[in-house]
Amino acid sequence: MSLSGRPNTVRLVFLGAAGVGKSALILRFLHDSFEHKYTRTVEELHVLEYDNPTGGGSGKMRLEILDTSGSYSFPAMRELSIRHSDAFALVYAVDDPGSLEEVRRLRDEILQLRSGSSKSAPITVVGSKADLKDTEGRVLQAADVMATVEDDWGANFVEASARTGGNTVGVFRALLQQVNLPHRLSPAVARRRDTAPSIRPAGKKRPPLKKNNSCTLS
């Protein structure tokens, strides 16, 4: 059974400092679009339902993608998401060394809450804004981060760009492989539903996400 407490349900949680591009990566994957204006996220849950890829007449497969706040103001929410999720995307920005330190801290927190075992906490570290070149502000090189993540932490490493769409699907492929789900799910999504945010930040509301176009992991 999934740690979400429901059968046929897998929850992926995106964690990282504010502004690194967690929401942008999810938006690019779900809707192949990119929002240039930054909007602060508190917590938002996206739900996709597929025909069960393993067959056997066991109904639908529910994939939950939890987009979390990068703020320190919600430690209880973060702890709850860590305890009840199946795989973790720890996102940093290649132009922000401090965001990689936050990933390191989050990894330590996850291992502490999940009995200290990397096997009980599948982690993929994601280098966001991968389209940036050194002349455009990149300061963290993929080879250097990969050496730490894969050799020292025993975790997956992926770089991706929400702005260009480059390797965004690769992020989700890596996460699903870690929870032993086929990275090519049913080509027909029976239904996709984007839930309302569990908590909305004050101020301007984000425009509703479109619900047409199904999406396939490949």
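Worth knowing before you read on, the calculation uses all heavy atoms, side chains too, and leaves out hydrogens, waters and symmetry mates. Numbers here are sequence positions counted from 1. All values reported here derive from a predicted model rather than from experimental measurement.
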**Complete:** The complete set of salt bridge (Lys or Arg N to Asp or Glu O under 4.0 Å) pairs with one or both residues in residues 16-26, sequence neighbours excluded, reads none

**Asked** Say you draw a straight line from CG of N8 to CG of L63; how long is it, rounded to the nearest 0.5 Å?
**Response** 12.5 Å

**Asked** If you look at every heavy atom in V179 and D86, which pair is closest and at what distance?
**Response** CG1-O, 3.6 Å

**Request:** With sequence neighbours excluded, tell me which residues meet side-chain contact (heavy atoms from CB on, under 4.5 Å) with D32.
**Result:** R28

**Item:** Working for side-chain contact (heavy atoms from CB on, under 4.5 Å), residues I110 and F88
**Value:** CA-CA 9 Å; I110 290 168; F88 303 89; 3.9 Å; yes

**Message:** Does any part of the side chain of V125, heavy atoms only, come nearer than 4.5 Å to the side chain of T148, both counted from C-beta?
**Reply:** no

**Complete:** Nearest heavy-atom contact between G19 and K129 is O-NZ, 3.4 Å

**Asked** With no hydrogens and no angle check, is any side-chain donor or acceptor of R114 less than 3.5 Å from a backbone partner on I82?
**Response** yes

**Complete:** L140 and P97 have their tightest heavy-atom pair at CD1-CA, 3.9 Å

**Item:** Over all atoms of both residues, closest heavy-atom pair of I26 and D67
**Value:** CD1-CB, 3.7 Å

**Request:** Calculate, to the nearest 0.5 Å, the distance between atoms CD1 and CZ belonging to I65 and R11 respectively.
**Result:** 11.0 Å

**Message:** Working to the nearest 0.5 angstrom, can you tell me the gap between M146 CE and D151 CG?
**Reply:** 9.5 Å

**Complete:** CZ (F34) and OG1 (T168) are apart, to the nearest 0.5 Å, by 10.0 Å

**Those residues that, when tested against E101, pass side chain to side chain donor-acceptor pair (under 3.5 Å) (two or more places apart)** = none

**Request:** Decide whether L80 and V13 are clustered together by the hydrophobic rule: side chain heavy atoms of Ile, Leu, Val, Met, Phe, Trp, Tyr closer than 4.5 Å, transitively.
**Result:** no

**Request:** Please tell me if the side chains of L175 and P122 come closer than 4.5 Å, counting only heavy atoms from C-beta onward.
**Result:** no

**Message:** If the condition is ring-ring contact (aromatic ring centres under 6.0 Å, His included), which residues does F14 pass it with, not counting sequence neighbours?
**Reply:** F172

**Request:** Identify the heavy atoms of S128 and V20 that sit nearest to each other, and give their distance.
**Result:** OG-O, 2.9 Å

Atom pairs and distances, side-chain donor-acceptor, residues 160-167, under 3.5 Å, sequence neighbours left out:
residue, atom, partner, partner atom, Å
S161, OG, D131, OD1, 2.6
S161, OG, R163, N, 3.4
S161, OG, T164, N, 3.2
S161, OG, T164, OG1, 3.1
R163, NE, D131, OD2, 2.9
R163, NH2, D131, OD2, 2.3
T164, OG1, G166, N, 3.2
N167, ND2, E159, O, 2.9

**Item:** Separation between CZ of R78 and CG of L15, rounded to the nearest 0.5 Å
**Value:** 8.0 Å

**Prompt:** Where the side chain of S99 meets the backbone of A17, is there a donor-acceptor pair that is under 3.5 Å apart?
**Reply:** no

**Prompt:** Listed by chain and number, what are the side chain to side chain donor-acceptor pair (under 3.5 Å) partners of T124, not counting sequence neighbours?
**Reply:** Q178

**Prompt:** What pairs with D134 under side-chain contact (heavy atoms from CB on, under 4.5 Å), at least two apart in sequence or on another chain?
**Reply:** R138, Q141

**Complete:** Residues passing the side-chain contact (heavy atoms from CB on, under 4.5 Å) test with A155, sequence neighbours excluded, are I123, V149, W153

**Message:** Just verifying a value: how many Å separate E150 CD and N156 CG, rounded to the nearest 0.5 Å?
**Reply:** 7.0 Å

**Asked** Step by step, would you call L106 with E102 a side-chain contact (heavy atoms from CB on, under 4.5 Å)?
**Response** CA-CA 6 Å; L106 284 166; E102 173 67 359; 3.8 Å; yes

**Complete:** Closest non-hydrogen atoms of D95 and G137, given as atom of the first, atom of the second and distance, are CB-O, 3.2 Å

